[in-house]
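For reference, the structure discussed in these notes is given below.
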Amino acid sequence: MAANRRHFVMALALALGLSGTVPAADQRTFIPLIARGFQHQFWQSVKKGAEQAAQDYKVTISFEAPEAEWMVDKQIDMLAAGLARRPGAIGLAATDSQAVIPLLRKAKAAKVPVVAFDSGVSGDLTATTVMTDNAAAAGLAADKLAALLGDAGDVLLLAHDQVSTTGVLRRDGFLDQMRKAHPKIRVIEVQYAADPLKAAEVARAMVQAHPRAKGLFCTNEATALGAGKAMKEIRKSGLVVVGFDSGKGQKDLINEGVMAGAITQNPVGIGYKTVEAAVKLSRGEGVPKVIDTGYFWYDKSSMRDPRIAPLLYD
Amino acid sequence: MQPMDVLLSASGLDKAFPGVVALRDARFELRAGEVHALMGENGAGKSTLVKILAGVHRRDAGEVLLAGQAVDIDGPAEAQALGISIIHQELQLMPHLTAAQNVFIGREPSRFGWLDERRLNRDAAELFQRIHLDIDPTTPVGTMTVARQQMVEIAKALSRASRVLVMDEPTSALNDLEIAELFKVIDKLRSEGVGIIYISHRMDEIQRIADRITVMRDGGTVGTMPASTPLPQVIALMVGRELAATRSPVPDSSDAAPALEVKGLSRGRLVRDVSFAVKRGEIVAFAGLMGAGRTEVMRTLFGADRAESGEIFVHGKQIRVRGPVDAVAAGIGYLPEDRKHHGLATGMDVESNITLPSLSRCLRAGLLIDRQACAEMATRFVERLRIRTPSNHQIARLLSGGNQQKVVIAKWLARECDVLIFDEPTRGIDVGAKAEIYSLLAALAAEGRAIIVVSSELPEILQLGHRILVMCEGRIAGELPGEHATQETIMALATAWH
Amino acid sequence: MALMQKGRQQLLAFGSLAALVMVFGFLRPDTFLTTENLIGILQATTVTGVLGIAATFVIVTSGIDLSIGVLMTFTAVMAGLFLARLGWPLSVGIPATLLMGAAAGCTSGLVITRLRVAPFIATLGMMMVLKGLSLIITGARPIYFSEVEGYEDISTGSMLGQWLPGLPVPNGVVIYLLVALVASLLLNRTALGRYAQALGSNEEAVRLSGIDVGRWKVIIYALGGGVCAIAGLLGSSRLNSAQPALGQGYELEAISAVVIGGTSLAGGSGTILGSVIGAFIMSVLVNGLRIMSVADEWQLLLTGIIIIIAVYVDRLRQT
């Protein structure tokens, strides 16, 4: 069913591509951005950055994403439709870096440059990748957590899922860094939760099962919010919680002292740099192979720092 | 020693269902190349017998010989393998499939794993040819007339090389021409040596088509006789007793406004310009053949189906019936023909069923059920109607047919309805409970209620009705006073369509 | 007889629950059987438990409501709109939220009865509509209740704990059990409950008894919607935020709880107590497996098997 629809859309896209009108020279360059999600705060910030860049560079963008991150086929439909509109360039945060390859080949053949953002696609089908180095960012979380624990003790890991690129990279980046740089810290359990309510239950059960655990790392906003709320409910003290991304709920928890701090990416920067790179590519200018938009540790004291504050969203 | 041409013989058949003994030492014999009519009142055991032969029910005791061999018919598939096919009253065809697809359903010819649609149609065409049937095998069955569908059903049975063919009321939905066509096919099958068991209520037909008649009564076989046996003799055997004259006293004729008056009620083909009135204390019986529109009139009158036109008056006051809600509010109660599907919430207990239409009368603060009031109401009617149940909290499904029917009656009495419509009140109920329901109806009429009885059983109509209205093709074909009507006069009106 | 049957059904469910608690208590006596963890299980049950109660009413009529998970989200968003954005006081905002839930349920009911769309499809459509509305209203961003005084306490505060310091049961759990009690009364002791069961048993018989089937169905779906709104308040209070992306999938958990509790999807019979026990069985199972550090994917697999076994055992009991 999904496959059929995909074929249909691809056929439709081809038909449109053949018969569609070529944008006139004075028309604005069109750059579709196809993300992995839009319901998450993070993506809203990416979108904000992209819109800012579109304004600065006077191009038209669209920002689309499937309802859920696992809807690989829907994303492919969107990519096909985007391609069919003869864009100047395309921005893509692939849900499945393998599944998009046929369409990326088509893009390459049609000389439409593709900018990967937030997560990369292996090979040379994309011109550049604009992203946070998720593994290194999670490694920074590991360093910070280790420092807060005096470099010893048992810690827990609550990841947002076991299949998505960011979920896997952040989990493994955290585990690797602990193993390499902090041998006295043991990560005793890894669990997963997809939404904040579930994260609250999972965090409670983990802490219950391991009363001696001293630290907890949550790999995204939803898990951090849920776990933080759960720790607040049971008035758990002596457990250091470190999160990822921001959002008002997480920021409140950090301000209240329930969480020690979190890693923030630069989502607005990702959006901005993606459009910027796409514009340059559409004009035939060169861009570096990887554009790292950076990541930062923040806590209660540094939250209002002028270098940090703009990166945090509510 | 069995005579050579005996195809099937059954003897000593017993079958009991919870609450009802359906067969008691039943016998039956079918010869090859014979049309053998099975007759009896409803509940006499005809369909149970036939269902045992078709593997739908398992017998409790007795033996069945097929061509001299004892057989154990375990299920419908086994019956078909033995060459016994049954054509049910409700046809078992898939309306969206073609005639050919229906005939060969489950046994589609295939080639290299693909359906061989061409061979399917060719085989079906041959089969239709064999019974002189002019049907395009590729026509979807749903677009055919009922008569044609029935022919497809017969072809389906023949395609399985049936030796025994059971036809349950095959003509109930057919007109005269179609019946003639069906009889031609039956003749053809007879000449090929197929044994046909023919169930029907229509005496004229049986005398036309059948070779022998077996009469059943109360689950047993009364006797087998040639089809030429005079009708009154057959009926006497079927009824088996003088029905007790429990007719209620003649209603008060001085009552000015009738309890119920219907004028010009119409809906579709089966309710055409129907007008009648029922007085307080009167039982009006509706007779007619199946498909004459009796049930449809009642459903329309009650609002279960929407009337296209017509006026309804209750005690002289016109009411608007947009749904059963309005009819019930006006004091009309309806006991549907299909008790299990329409009359009872079978998964609920006796008390909940009895109080269902009157629940709003035993509430406290308009919301909470007053359990004591409910229990009292239920107990009152359980006692009054002598409903045999272990308690008021017995699940309705577990009661016998007669007691289920009494629960439905209780439901309307509790609602204080004074116009009561009984659609086939004794269907599937055994003889003892029947008599009880007859006297109950008489008593209800004597209390001043207006009662309508729809029945397919002529003795029932004759016994209960003060007046008898006979329907034919959606119209009231005539009216007979109860005390002067006979089965013959009723049948004459019921079949007056040609 | 009927009462005995119902009683037996609940006894079976309750026995399974007790057995589960004993097994986990035996395997992990020091971590599973602690007041804190048991309260955690109670807390974890509140949202799906309340949704299970909403689902019970609809399922008893032999209907189904797939929109309840998202309906919970939608009402949480409405609460955010009323309380956080518009700044209405709790005494106005909460009833308004409950009304919104009832209105959404009522809409489903009307689509089912007036437009004669099958409940499965009608509520599937409603699910998408409500999800879309939630995202539109919030701009796909959570609404936080940080400025709403006392909102967080609705679910996580403990009035009981103030009176009985040894028993810090969160308000959310108390509210859940109160909702269950009222729902049980509604289902067993009122005309609404009786009609709901009769509808599930034989809708045509109810119609031919002169009861306005359409009206009662709409009322039942509206009631279900109102109960979902309670779940919406509890969930958003716990997170102190209305999360517009959350909710889908919760309807299936709730329906599973109802089914484990012995309510038949064919309608006609069902008890609130059964659904409450079913919800607890689900959360005890998940909590116990987590305490034993069983991986997520195995938890899912085991939960699925338990649901199938529970329904199979229930079938055996019925035949």
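The figures here come from the full heavy-atom set of this structure, side chains too, leaving out hydrogens, waters and symmetry mates. Reminder, nothing fancy here: chain letters follow the sequence lines and each chain counts from 1.
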Subject >> B/Val328 portion near chain C, given a 4.5 angstrom heavy-atom threshold >> reply: side chain
**OP:** Considering only heavy atoms and a distance below 4.5 Å, find which of B/Leu363, B/Asp326, B/Leu368, B/Leu356 pairs most often with chain C.
**Re:** B/Leu356
Original post:
Do C/Gln197 and C/Ser269 meet the criterion of a side-chain donor-acceptor pair at a distance under 3.5 Å?
Top reply: no
Original post:
For B/Thr355, is it the side chain, the backbone, both, or neither that has a heavy atom closer than 4.5 Å to a heavy atom of chain C?
Top reply: side chain
**OP:** Assign the ring pair B/Phe286 / B/Phe276 to parallel, tilted or perpendicular, where the plane angle (0 to 90°) is split at 30° and 60°.
**Re:** perpendicular
**OP:** Please state whether the side chain, the backbone, both or neither of B/Ala304 comes within less than 4.5 Å of a heavy atom of chain C.
**Re:** both
Subject >> Part of B/Arg364 lying under 4.5 Å from any heavy atom of chain C >> reply: side chain
Subject >> Close aromatic pair by centroid cut-off 6.0 Å: B/His57 and B/Phe17 >> reply: yes
Original post:
If you tally heavy-atom pairs under 4.5 Å against chain C, which of B/Gly323, B/Ala327, B/Ser360, B/Ser352 wins?
Top reply: B/Ser352
Could you pull out every donor-acceptor pair under 3.5 Å between side chains of residues 95-118 of chain C and any protein atom, sequence neighbours left out?
from	atom 1	to	atom 2	distance (Å)
C/Thr97	OG1	C/Gly93	O	2.7
C/Thr107	OG1	C/Ala103	O	2.7
C/Thr113	OG1	C/Gly109	O	2.9

Original post:
In this structure, are over 12 heavy atoms from other groups packed under 6.0 Å from B/Arg371 atom CZ?
Top reply: no
